[in-house]
Amino acid sequence: MIQATDLSKYFGSFPALKQITCNIPKGSICGLVGSNGAGKSTLLRLMTGIYQGETGSMKIENQPVYNNALIKSKIAFVPDALYFLPGSNMLRMAKFYRAFYPDFDTARFEQLSKLFDLNTKRPLNTFSKGMRRQAAAILTLSARPLYMFFDETFDGWDPIVRNLVKRLIYDDVIERKATAVITSHSLRELEDLCDRLALIHKGRLELESDIQNLKTSLFKIQIAFSDEYDKSRFEQIDILHYSQNGSVAKIIIRGDRDKILQMLRKMNPLLLDTISLSLEEIFTYEMESFGYLFSDIIGGSHRNEEDIF
Amino acid sequence: MKKIFFSFSVYRDAFRQLRTIGIVGTCILTLGALVSPLLFLGETINKNNVIDYAKNVTLYDDNITIVISFIAFAPFLTLYLFHFQNKRGSSDIYHSFPIRRISLFFSFWGAIVTWIVIALLISNSIPMVIWLSLSKHCSIHVFGVLVTLLNMFASSVLVSAAIALAMSLTGTLFSNIVVSLLILFLPRLIILAFTMLLDSSLPITNGIPVISVLSSSYNVVTDFCFSVIHMRKDTPFTFAGGGIYTLVLAVIYIGFAAYLFHHRKSENAERSAGNQIAQTIYRLSCAMIVCLFPCYFIVSYYFKNPFFTNSGSLISIVLLYLLAVLVYFLFELITMHKWKKLASAIPALGILVLMNLAFIFSVISVYDHTLHTVPVPDEIRSVRLLPTPDQLYQSDNSLYYENSYDENNTLFLKQSGIKLKDPVILKMISDQLSSSIFMIRKGYPIAYDAVEASFAIELSDKTIYRNIGLSKLDEQLLYECLSKKKEFRDIYTYLPDIGENAASVKIDGLNKADSEKVYRQLQEELPDVKFEERYKMMGGSLKESKQENPSIHISISSYYGLKQTSIDFNLSKAVPKTYQLFISKVNRDENLMKIRDTLNSASKSMVKSTLYVFHSDPKDEHSIAKYDLDSLSAKEAAYINKLIDALQLVKKKPFQINKKVTRLELIPHIITGKAQITKYDYDYENPVIYYMNQI
């Protein structure tokens, strides 16, 4: 388990992260989302023991991560700014990783290189940006880590590569109870990949939850009545968003779906439809409930209200 | 547990990362080292040109490119391997790896040291094999070679440690380099500026620091780099003490570097300093280096130093301070890339002013303290005459080294241990010190028509080191006092055996085997010679006895403690058997024939040859005659041919000292051929390499 408790990180006088507390269970894939500069990468660097927090603690398996070679031997990290030895190819980099990771799996490295169709003898500086990210992912996965950290690694990959890496991560999670933490500023990149999501805004962890839980606890209905009505008719329901056009109302509701639908049916509506929300929509309304505009948090990545409805 | 401080797999990978630089560096060093032995080998094979003479092989003299090992090779290795700290991506990756920071540091640094060792061993062992194959023609100074290797290794390791330390403190290439230079040079530069300022303003100070390791010769790297300022002619690479000190300093630096590396934050990458205080220290240090020059002028002005005469120097002070301020802000601008930051750097200029004042006032206080320390004879327990480093002087557009008590002379070093307690000497020292201080206060040199000598004056609570002007009478007094002492007389009696303290002998004009034969004869004969004569031949400097142009020069090189020293012996007829043996060995037919051949073919030859004829009487100002062989008159050519005939005759007849053989008395040897420019050469301004041979 990855545990952050009251974790704060300052760069000079600038607070990059403020009192973060979160638990990421073993065997889960957690997505960290937030706009540029929100603190995602900083949190990832604290989780991987690259940075040390000024206050609080960061532990993996109940042990501090910073300068702990034993814990770090279970960790592998793909940073947003990739690093390869000057003039090296993938074979050389594999030797480099093997020097640090005694459990580096050469067979898996060769297998993955073939799977991704990457020439291991070609200098890495001749690779495209996407191919370099693939190379970094292959090296990381070949180190056989129990905790994998990907900093915006998935952004910009084509669907085939993305699905391939996704499948590999899934395999590791299922077979070896591995844990993966992936950052992105795009929810759509993480929606079908993660089972947990955390949202960071201005250095604070605003939301952290199981995706399934989020998806079941928040839903949208379209409802219409023969008589005149307004929002007050639904006082007993936890409404996150309400809009009405004529006799048809569109409502975002939080709570037990079955119970609420049963309650609404008793009101004899002319129309009652339930619509599943995308993860992005869920986040939009959750954040609105905290008083944020989602567009401020995930800059430009969300659809406007008209798109949603 | 082993991996707490070292990981072999990481070390092996780091070694691999350095492979290209390591191989290229090793090749360059090896090629540089091969030049001298290959040239010598070529000369040996081409017998027509070779003059069979004894050559002392030392690493430094025969391979100047060896300094590349610490000037370029070690810095490149260190900057390349630790460069990952300067980039966020690479710094983050290394911080995320499962290895303790201290283990990463020592594994990486171990790889650097391994490449340094490999390069030094390969680049020196291959030439050494060639030298060994030529050992008939040259003597290899094994101990000297080992000491030079130690010093080169220590220098390379020190430079590497200083750069590693700087890279642990800073996060950009520019700041890496600047801070490395500050770590390496700033402390010694301040000490040098301090002592130079005192020495030039206060001639009674002799530059001997109270703590010996503060002497510039102890730090091989700075001593080599400052040798231009020092204008010293001896090499810093043969002093074993320097190598040991440099190695110890490197270990201390690497300890600091490891500690800082362990605590370095990954976020310091791409930042010139870890925090604002460090940034201010670097900025102030850079500016302070420039400030040392105006400080020098200000103190000189205060002391009325004769070097500070023209009013233009006042403008220089202002301009240099402006330059210091420019450097101060330029460093900030280059490292921070923001004009706004310049304003926030202004307040720290006050610290720079304080640093300048502290430097100036400390020099002035030491100056005043030195002038007020004038012990009366009763306060002096003993005095010792000390050797001093050679100084380069300028006179009439020519440069020359002058030193009566050379610190590289074995005998002077030995006699510096003799304590003199005679009341006459103590009074003389006290009086002369008072007199020297009086002269300084009046603004005059401390010794008109006299020799400056350096003394350690032992008082009841401390020892002070002073330069004092000695008149001829004072020197005579000192000599008489010393010559009564057995230990002094013993020093001028004993010559070391070959091999003892790494002793080797070189006699101009003789090959190795003949040199050693003549030297052994000299060792046998010397104890029976009168002390006065021995002292004269062994270059004793306290009497008017030195031969300015020694006719036959024997150099005995050895180690005295940790220092390479030499005895310069001037062979004279006071040791007749040795003299005769030398003449017979040097007048070999093939040498004479070569001179005759050169003489006969001089007009056709492309190579200019000059012939020197040395006369036996050193007091004769025309004792050295010079002949350009390509422009000899018929009379001169005939004269030289006669000379050669006569010398060939000597080979067949036993040489007798007392027999009136005018020509032989006149011409103990003839020189042509390749010669190093030495302090005895008259053509210093326009050095020419001569082809030399002695008969």
Side-chain angles (χ1 to χ4, degrees), chain A residues 9-14 16 41-42 44-54 60 65-88 92-104 132 136 139-140 143-149 151, chain B residues 1-21 79-81 83-105 107-108 111 261-271 273-277 279 336 341 344:
Chain A
K9 176 69 189 168
Y10 288 82
F11 292 119
S13 58
F14 173 73
S41 297
T42 304
L44 212 61
R45 279 160 177 74
L46 285 160
M47 287 176 173
T48 48
I50 294 167
Y51 292 168
Q52 191 177 25
E54 268 75 35
I60 291 181
V65 188
Y66 190 76
N67 212 18
N68 186 338
L70 190 69
I71 285 297
K72 283 185 177 180
S73 66
K74 300 174 182 179
I75 289 174
F77 172 53
V78 182
D80 54 343
L82 300 174
Y83 170 72
F84 299 110
L85 294 172
S88 63
R92 175 67 187 92
M93 284 307 294
K95 282 182 186 168
F96 177 66
Y97 268 68
R98 204 178 298 131
F100 291 94
Y101 292 95
D103 297 333
F104 188 87
R132 285 159 67 88
L139 290 163
T140 301
R144 287 284 187 191
L146 281 176
Y147 297 89
M148 292 172 271
F149 298 87
D151 194 3
Chain B
M1 287 301 285
K2 264 199 305 186
K3 288 198 172 181
I4 290 175
F5 293 106
F6 192 79
S7 161
F8 182 73
S9 59
V10 174
Y11 160 80
R12 195 174 49 191
D13 192 85
F15 183 81
R16 198 181 289 146
Q17 285 186 48
L18 295 173
R19 196 164 45 191
T20 309
I21 298 176
L79 284 169
Y80 183 82
L81 199 58
H83 184 65
F84 71 87
Q85 296 180 102
N86 291 347
K87 295 283 172 200
R88 285 295 290 276
S90 49
S91 178
D92 285 355
I93 275 284
Y94 275 98
H95 269 84
S96 75
F97 281 150
I99 182 169
R100 281 173 61 88
R101 300 280 298 161
I102 206 86
S103 177
L104 176 65
F105 180 83
S107 306
F108 268 34
F261 185 88
H262 182 73
H263 289 94
R264 182 191 164 91
K265 294 177 176 176
S266 185
E267 53 263 43
N268 284 355
E270 298 176 18
R271 287 164 58 185
N275 54 50
Q276 200 52 48
I277 295 170
Q279 173 76 5
M336 303 307 284
K341 287 276 178 185
S344 61

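Throughout, a chain's letter reflects where its sequence line sits, starting with A, and its residues are numbered from 1. Fair warning: this is a prediction, and the values are worked out from it, not measured in the lab.
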Residue pair S41(A) / D80(A): nearest heavy atoms and the distance that separates them: OG-OD2, 4.4 Å

Chain A contact via Y80(B) - which portion, at a heavy-atom distance below 4.5 Å: side chain

Contact origin within R271(B) toward chain A - heavy atom pairs under 4.5 Å: neither

Aromatic ring pairing F261(B)/F105(B), orientation class (parallel under 30°, perpendicular over 60°, tilted between): tilted

Aromatic ring pairing F149(A)/Y147(A), orientation class (parallel under 30°, perpendicular over 60°, tilted between): parallel

Between [options], which has the largest tally of heavy atom pairs under 4.5 Å with chain B?
| options | answer |
| --- | --- |
| F11(A), Y101(A), Y97(A) | Y101(A) |
| P86(A), S88(A), A69(A), P79(A) | A69(A) |
| A143(A), A81(A), G87(A), G12(A) | A81(A) |
| F84(A), Y51(A), F77(A), Y66(A) | Y51(A) |

Contact winner vs chain A - A14(B), S91(B), S107(B), S90(B), heavy-atom pairs under 4.5 Å: S90(B)

Between OG1 on residue T48(A) and CG on residue D151(A), distance to nearest 0.5 Å: 9.0 Å

Y83(A) six-ring centre to K87(B) NZ/CZ under 6.0 Å and within 45° of normal: no

